[in-house]
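What follows is a set of notes on a single structure, which appears directly below.
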Amino acid sequence: MRTIEHWIGGHETAGSSTRHGTVWNPATGQEQAQVLLAEPADIDAAVQAAAKAFQDWRDVGVLRRARVMFKMRELIEKNMDELAGVVADEHGKTVDDAKGEITRGLEVVEFAAGIPSLLKGEFSEQVATDVDSYSFRQPLGVVAGITPFNFPVMVPMWMHPVAIATGNTFLLKPSERDPSASNLVAQLYADAGLPEGVFNVVHGDKVAVDAILDHPGIEAVSFVGSTPIARYIYERGSASGKRVQALGGAKNHAVVLPDADLDYTADQLVSAGYGSAGQRCMAISAVVAVGAAGDALVEKVRERSERIVVGAGRDARSEMGPLVTPEARDRVVSYVASGADAGATVVVDGRGLSVEGHEDGFFVGPTLIDGVTTDMDIYQDEIFGPVLVVLRTDTFEEAIELVNANAYGNGTAIFTSNGEAARTFQRRVTVGMIGVNVPIPVPMAFYSFGGWKDSLFGDRHMHGPEGVGFYTRAKVVTSRWPHVHDATGAQLNFPTAH
Ligand code: NAD
């Protein structure tokens, strides 16, 4: 059985770890590797390596830091197939879907390659007689990222390219369910010329996470994962004096008005609801059909859902893969049962799906549930599987209220041909990322990614300008170079411009 080790100080190591986690092949249902689970001593070793590397990396010229990102960009493209294959094998998503994720991560590397422009400071000449003022931003030191299973390449890339390009050194604790991609990324950084210790990977579970949150040598923590853990990370990390951004779970609504193009909308809902087997933080999971849109829309989504080809991620014919673990599959199945028990109508039922040649894989087929109401578990909880639930409202106003009453506020979308309705929606919804006839409105790398309410703890979103702000702190210098004849004697009043 293959053992996946940590990457600390420029090479793979087992450190002091003796515990293991199981890495499944979700398509076959077989255990394919074991991942080491770090002890606090391993976190400490990674922090020491990163702290040592920071002493030099902070002084490396900004153009040289950018050039590592240019090289990294080239290497990711060159190794795209291998990286996507590793993601498909451990996560379960299709290879093409994995390439999409890697491409969106690559865009953050491209953004970070522009760091010389992004780090330009401000300068004000002559704010008082012979006095100049200027500001610039400096790296924090050792920073950490703790990431979820569902985007094993892209989500860490929301963090480390920006952190590293701004002059920090980085410790990544990826999900223990699909850990291999992170070691490959570490190898690519080494090949790109990044000095040892600037990027480290430590695998692990709660023991590793708690050691990160408590370690005095770590200045900031970026987290992406489920809401209960995000809240915990934010509270414990902040209590130990760190800067923390913690992105949580989601329940993303698509509001469909009767004037929408229903064929286009049904295509978009199926893509956004069932892509990656619904295991995306920006997946559409709740459809709010307004007025007359409902029956026709459900019928069009039903037809399309039933045609989706479900299979192994490595099989080029597959459009949708399995769930990540047996527990994830069982959880989704039990939610479908709970919806049926609560009185909802299961229009398309993906339970019990068997994929030929992969009978032990963790598959659940696309599932469509109509007649859902806001008091049901299948509406209130994040299911994180290929399940679309449909709610109905009589008016647009009620639809906005429904979206805003939900605890989550990650993404949402409106489908309509009415620009005024779209504008009202984008102004009034209490959600961070909004699509207008776009179902998965993930911002480009040069904007910032983040939700509202229970989808984000902390005030900075990821990558884009907010990412640069998160990984740096500002200095403002007020400077005067007096001539000898300027000596005017002491003045004890508070200084003002003159
Ligand atoms: P998760 O919260 O279970 O795990 C995320 C990370 O936290 C992992 O590295 C894991 O090892 C660690 N962790 C898990 N339990 C812990 C505990 N008790 N104490 C300390 N650390 C712990 O999330 P997941 O199942 O890997 O990923 C799916 C979740 O992530 C979904 O809720 C999804 O919505 C969310 N997500 C959100 C975004 C976003 O941008 N808001 C993006 C991707 C995923």
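Just so it is clear, the values below take in all heavy atoms, side chains as well, and ignore hydrogens, waters and symmetry mates. If you're wondering where the values come from, they're calculated on a predicted model, not measured in any experiment. Order of appearance sets the numbers: ligands from 1, and atoms from 1 within every ligand.
Distance check for atom 3 (O) of ligand 1: a protein heavy atom is found below 4.0 Å.
The shortest distance between side-chain heavy atoms of V287 and L391 does not fall below 4.5 Å.
With respect to the salt-bridge test (charged N to carboxylate O, under 4.0 angstrom), the residues R331 and E327 do not qualify. Taking the charged nitrogens against the carboxylate oxygens, D454 and R231 do have a contact shorter than 4.0 Å, which makes a salt bridge. At a threshold of 4.0 Å, the pair E466-R460 does not count as salt-bridged, since none of the basic side-chain nitrogens sits closer than that to a carboxylate oxygen. Taking a cutoff of 4.0 Å between a charged side-chain nitrogen and a carboxylate oxygen, D97 and R280 qualify as a salt bridge. Electrostatic pairing of D370 and R302 does not count as a salt bridge here, judged by no charged N lying under 4.0 Å from a carboxylate O. Salt bridge annotation for R104-E107: present, with a cationic side-chain nitrogen under 4.0 angstrom from a carboxylate oxygen.
Of all protein heavy atoms, the one closest to atom 28 (C) of ligand 1 is F384 CE2, 3.5 Å. From the protein, the heavy atom lying nearest to atom 23 (O) of ligand 1 is S226 N, 3.6 Å. At the shortest separation from atom 19 (N) of ligand 1 among protein heavy atoms lies K206 CG, 3.4 Å.
For ligand 1 and N150, the ligand atoms under 4.0 Å from any heavy atom of the residue are 43 (C), 44 (C). Near E382, the atoms of ligand 1 lying under 4.0 angstrom from a non-hydrogen atom of the residue are 31 (C), 32 (O), 33 (C), 34 (O).
The option from P148, G225, G21, C281 that lies nearest to atom 35 (C) of ligand 1, judged by heavy atoms, is G225. Between atom 37 (C) of ligand 1 and the options A208, G249, G248, S175, the minimum heavy-atom separation is to G248. Atom 17 (C) of ligand 1 has its nearest heavy-atom neighbour, among L247, I229, D178, L456, in I229.
In this structure, R280 falls outside the shell of residues with a heavy atom less than 4.0 angstrom from ligand 1. By the 4.0 Å heavy-atom criterion, W158 is counted among the residues contacting ligand 1.
Checking side-chain atoms of N252 against main-chain N and O of C281 turns up a donor-acceptor pair under 3.5 Å.
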